[in-house]
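A short write-up of the structure that comes next.
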Amino acid sequence: MTDKTLLTPGRLFLIRLKNNGKEQFRVWNSVLDWTVWLYLVIPGLVIFGGLYRELWQRVPEWATDVPWTALYPIVIFVLMAFGRIRTYVEEADRLFLLQRPRWLQMLKRYGMFYSFVMQALVLLIPFAILLPYLIKSGGMEWEHVGAAYLYAWLYGMFISMVFHQLKSIARGWRQWLLQGVALIVLAAAYLMPMLMLSPGSSDFMPAWIGMALVFPLSLFICLRTGIHYEAEVKSERKARMSSTELLMSQVIPSKSIVKAKRPLLFRRSQRLFRGTDTGTLLAEMRLIAFLRSMVPLRIWIGFLSVTSYASTLVSPPAAFALIIGFLVIGVSWLRMQWEQWYAEEFVAQFPWEGEAVGRAIRLSRFWLLLPHLSVWSGLAGYRWAGLWAIVPAAAVCGLIWWGISRNSYMR
């Protein structure tokens, strides 16, 4: 066997890294075809580049009132909290690599260093976007921004190693509890010095000393400990499918392993409405399935966050006008989600009547959009007339939405 065909742990890692890149390219290529690049992505990049250049020339007046030095550590920590170490372990390794623990250990080490490099690149994006505001409005020096980036990178790697080690300590709700406690402690340890001190000042020295002691120790422990095969396979499967879940694409044919477990919400599958007609029962099924599924629930919560923030950037009258646009977007997305859910094998096996389907769509859509509408209208009312207008604005908009939802032609 020649050296070119000799398989080593490093070469195996590069092969899997290359295959993962091709897989992710196919996923994103399913939505980013040449028309999207030509009409959306490229013009968006050009416009963003022009706006970014204008920021360096003149910062908007509203930016001077924003506490950028207190805001950016929170944004950076949110990104760091999602950082994870990938080992590129696959299901087939059960047959071959479990007999070679050294190979698994080397895959873990290669994956760690690759994850750290990717984390450094990811953290560059928010720092680059916020840089004009931090320099021009926040009054930070260049060396302070560089020190903050370096400290964030080291702390992000430390967070990744902590969560990686927690995967082999506990399972189920115990793992979630440990991760929640660890996240709170890590957030406090990062945000307290970042919000109170400047990373480039001498007062920040205790934080640098603490990181200089903790990071090498955690790196040594993480490199020396073995690999927990089942946890790594589950984590890698989730990482590979994350883009597919985000884009709701069918590019990757593999499916997640179906597990029978007791749901977190509606554990007894209790009724939600008093009605016993077919449409009400179908609406209950849709609502329970929606709230139990993490993918649409995450998108729905993210939609509420983005739209609520967007309504604060315009004048109060325009905030009320935006509610109509937000409803149109929400109704459109819920329609697509309904068609996907309605076509599932369990739901499609029943002969649902057309009138019952229409009532189920209207009823479930009313309750799924009502919390969002209450937040949008309450926020617009508060910005328009103060605290006393929150409840009346939400009530009026809710009644209007109830009247629209009762219309049998709106499906």
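Dense packing is recorded around CH2 of Trp341, with more than 12 heavy atoms of other residues, nucleotides or ligands lying under 6.0 Å away. More than 12 non-hydrogen atoms from other residues, nucleotides or ligands lie less than 6.0 angstrom from CZ of Phe116. More than 12 heavy-atom neighbours from other residues, nucleotides or ligands sit within 6.0 angstrom of CH2 on Trp208. By the neighbour-count criterion of 12 heavy atoms within 6.0 Å, atom OH of Tyr52 is densely surrounded, having more than that number from other residues, nucleotides or ligands. The local environment of CH2 in Trp176 is sparse, with at most 12 non-hydrogen atoms from other residues, nucleotides or ligands closer than 6.0 Å.
Aromatic ring centres of Tyr72 and Trp68 lie farther apart than the 6.0 Å criterion allows. Ring pair Phe204/Tyr151: centre-to-centre distance below 6.0 Å. Between Phe127 and Tyr149, the distance from one ring center to the other falls under 6.0 angstrom.
Residues Met118 and Arg86 form no side-chain contact, since every pair of their non-hydrogen atoms from C-beta on lies 4.5 Å or further apart. Proximity of Tyr88 to Leu107: side-chain heavy atoms (C-beta onward) are nowhere separated by under 4.5 Å. Side-chain contact check for Trp333 versus Ile299: some heavy-atom pair is nearer than 4.5 Å. No side-chain heavy atom of Leu71 sits less than 4.5 Å from a side-chain heavy atom of Tyr133. Residues Thr87 and Phe13 fail the side-chain proximity criterion, which asks for heavy atoms closer than 4.5 Å. Here the side chains of Tyr110 and Leu17 are not in contact, with every heavy-atom distance at 4.5 Å or above. Between Ser137 and Val66, every side-chain heavy-atom pair lies at or beyond the 4.5 Å cut-off. Taking the side chain as every heavy atom from C-beta outward, Arg102 and Pro9 approach each other to under 4.5 Å.
Residue Ser308 comes nearest to Leu379 through the heavy atom pair O-CD2, 3.4 Å, listed as atom of the first residue, atom of the second, then distance. The two residues Pro193 and Ala188 come nearest to each other via the heavy atoms CD-O, 4.2 Å. The two residues Ala189 and Tyr155 have their closest heavy-atom pair at CB-OH, 3.2 Å. Minimum interatomic distance between Pro132 and Leu55 (heavy atoms only, all atoms of both residues): CB-CB, 4.0 Å. Here the closest heavy-atom approach between residue Ala283 and residue Leu363 is recorded as CB-CD2, 3.8 Å. The two residues Leu178 and Leu166 make their nearest non-hydrogen contact at O-CD1, 4.1 Å.
Remark: the Trp376 side chain and the Ser311 side chain contain no N/O donor-acceptor pair separated by less than 3.5 Å.
Interatomic distance, Leu219 CG to Leu154 CG, rounded to the nearest 0.5 Å: 10.5 Å. Rounded to the nearest 0.5 angstrom, Leu12 CG and Thr8 OG1 are separated by 8.0 Å. For the atom pair SG (Cys397) and CD1 (Ile323), the distance works out to 4.5 Å, reported to the nearest 0.5 Å. For the atom pair CZ (Arg84) and CD (Gln119), the distance works out to 10.0 Å, reported to the nearest 0.5 Å. Between the CZ atom of Phe163 and the CG atom of Leu183 there is a distance of 4.5 Å, given to the nearest 0.5 Å. Of the inter-residue distances, the one linking Lys108 atom NZ with His164 atom NE2 reads 4.5 Å to the nearest 0.5 angstrom.
The pair Glu339-Arg335 meets the salt-bridge criterion, since a charged nitrogen lies less than 4.0 angstrom from a carboxylate oxygen.
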Exercise for review: Step by step, work out the side chain to side chain contact (heavy atoms under 4.5 Å, CB included) result for Gln165 and Cys222.
Suggested key: CA-CA 7 Å; Gln165 292 298 110; Cys222 198; 3.7 Å; yes
Review point. Is there a side chain to side chain contact (heavy atoms under 4.5 Å, CB included) between Arg365 and Trp401 once you walk through the steps?
Key: CA-CA 10 Å; Arg365 182 178 56 205; Trp401 175 236; 4.3 Å; yes
Practice item. Take Met194 and Ile74 through the test side chain to side chain contact (heavy atoms under 4.5 Å, CB included) and record every step on the way to the result. Key: CA-CA 9 Å; Met194 292 295 295; Ile74 301 175; over 6 Å; no
Practice item. Apply side chain to side chain contact (heavy atoms under 4.5 Å, CB included) to the pair Ile159 and Tyr190, showing each step before the final yes or no. Key: CA-CA 10 Å; Ile159 293 177; Tyr190 176 76; over 6 Å; no
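No option in Gln337, Arg359, Arg286 other than Arg286 meets the side-chain hydrogen bond (donor to acceptor under 3.5 Å, both in side chains) test with Ser364.
Using a 30° and 60° split on the angle between ring planes, Trp300 and Phe303 fall in the parallel class, below 30°.
With hydrogens and angles disregarded, no donor-acceptor distance shorter than 3.5 Å links the side chain of Ser332 to the backbone of Ile329. Here the side chain of Asn19 pairs a donor or acceptor atom with the backbone of Ile15 at under 3.5 angstrom.
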